[in-house]
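Could you have a look at this structure, given as structure tokens, before my questions?
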Amino acid sequence: VQLQASGGGLVQAGGSLRLSCAASGFSDVQNAIGWFRQAPGKKREGVACISRDDVSTYYADSVKGRFTISRGNVKNTVYLQMNSLKPEDTAVYYCATDFSALLCVSPNWGSEQYDYWGQGTQVTVSS
């Protein structure tokens with residue numbers, strides 16, 4: 001199982017980026033996928049996730065209305081569209097997935113108990 005996160009970069013405040021997460025090795029199973037981020041000197045935090053059945057999406061309060069998580073046409077490919085970026089969004093962004101049906105569910109949608117993690121992609125927002 002491998003996850004490949006991409007799409008990070010340097011952008012000015014107010015700009016947009018789209019992160020991609022491609023998970024391979026799951027055959028025909030569609031899994032929940034979560035996005036997390038870790039800023040320098042801070043704990044890793046949940047940003048958004050999409051449930052395995054695509055019924056539910058969850059967002060951190062700090063990104064609601066600005067970020068959108070969606071699933072691509074290719075199974076286990078997920079995007080994180082990030083608009084109106086702020087300097088405080090600067091972090092390394094990670095995607096994660098797992099076979100469990102207990103992830104990306106309310107109320108603990110931000111749980112980090114995923115077995116599989118990508119390598120991270122750097123997002124830097126300048127003021």
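Index from 1, following the sequence.
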Worksheet item: Under 3.5 Å, side chain of D115 to main-chain N/O of D98, donor-acceptor pair present?
Response: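 Here the side-chain-to-backbone pair does not exist.
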Fill in: Linked hydrophobic residues, V55 as query - side chain contacts closer than 4.5 Å
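Same cluster as V55: nobody, lone residue.
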Discussion item. Please verify the inter-ring angle class for F36 with W117; under 30° counts as parallel, over 60° as perpendicular, anything in between as tilted.
Written reply: tilted
Worksheet item: Around atom CD of E88, are there more than 12 heavy atoms of other residues, nucleotides or ligands at under 6.0 Å?
Response: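 For E88, atom CD is crowded (more than 12 foreign heavy atoms under 6.0 Å).
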Fill in: For Q122 against A91, the heavy-atom pair lying closest together
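For Q122 and A91, the tightest heavy-atom pair comes out as NE2-O, 3.5 Å.
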Worksheet item: In the hydrophobic clustering that connects Ile, Leu, Val, Met, Phe, Trp and Tyr at side-chain heavy-atom distances below 4.5 Å, which members other than I33 occupy its cluster, ordered by chain and number?
Response: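 Noted: I33 shares its cluster with V11, L17, L19, W35, V47, I50, Y59, V63, F67, I69, V78, L80, M82, L85, Y93, V123, V125.
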Item to complete: May I ask you to test the L102-Q113 pair for a side-chain heavy-atom distance under 4.5 Å?
Response: no
Worksheet item: Between C104 and Y114, does a side-chain contact (heavy atoms from CB on, under 4.5 Å) hold up when you go through it step by step?
Response: CA-CA 10 Å; C104 192; Y114 291 82; 3.9 Å; yes
Worksheet item: How close do L3 and C21 get, heavy atom to heavy atom, and via which atoms?
Response: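 Minimum heavy-atom separation between L3 and C21: CD2-SG, 3.7 Å.
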Practice prompt. With side-chain contact (heavy atoms from CB on, under 4.5 Å) as the test, would you mind laying out the steps for R37 and S62 before giving the verdict?
Written response: CA-CA 12 Å; R37 67 185 181 186; S62 59; 3.3 Å; yes
Worksheet entry | Smallest separation among heavy atoms of G120 and V92, with atom names |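 Taking G120 first and V92 second, the nearest heavy atoms are CA-CG1, 3.9 Å.
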Discussion item. For N31, is there any backbone N or O sitting under 3.5 Å from a side-chain donor or acceptor partner on N76?
Written reply: yes
Worksheet item: If you group Ile, Leu, Val, Met, Phe, Trp and Tyr whenever their side-chain heavy atoms sit less than 4.5 Å apart, what else falls in with W109?
Response: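 Y58, listed by chain and number.
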Worksheet item: Looking at residues at least two apart in the chain, or sitting in another chain, which of them share a salt bridge (charged side-chain N to carboxylate O under 4.0 Å, His left out) with K64?
Response: D61
Practice prompt. For Q30 and D53, test the side chains for any donor-to-acceptor distance below 3.5 angstrom and give the result as yes or no.
Written response: no
Item to complete: Examine distances only and state if a side-chain atom of R18 and a backbone atom of Q81 form a donor-acceptor pair shorter than 3.5 Å.
Response: no
Practice prompt. State the OG-CD distance between S127 and Q12, to the nearest 0.5 angstrom.
Written response: 9.5 Å
Practice prompt. Taking atom CD of Q119 as the centre, report whether more than 12 heavy atoms of other residues, nucleotides or ligands fall under 6.0 Å from it.
Written response: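 Enclosed: over 12 neighbouring heavy atoms sit under 6.0 Å from CD of Q119.
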Worksheet item: Which residues pass the side-chain contact (heavy atoms from CB on, under 4.5 Å) test with Q38, sequence neighbours left out?
Response: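 Q38 satisfies side-chain contact (heavy atoms from CB on, under 4.5 Å) with R44, Y94 once adjacent residues are dropped.
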Practice prompt. Would you check if the side chain of S51 reaches a backbone N or O of S56 as a donor-acceptor pair within less than 3.5 Å?
Written response: yes
Worksheet item: Between the side chain of T97 and the main-chain N/O of A32, is any donor-acceptor distance below 3.5 Å?
Response: yes
Worksheet item: Looking only at atom types and distance, does a side-chain atom of T90 sit under 3.5 Å from a main-chain N or O of P87, one as donor and one as acceptor?
Response: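 It does hold such a pair.
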Worksheet item: Partners of S20 by side-chain contact (heavy atoms from CB on, under 4.5 Å), sequence neighbours excluded?
Response: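 Checked S20 against side-chain contact (heavy atoms from CB on, under 4.5 Å); matches are S6, Y79.
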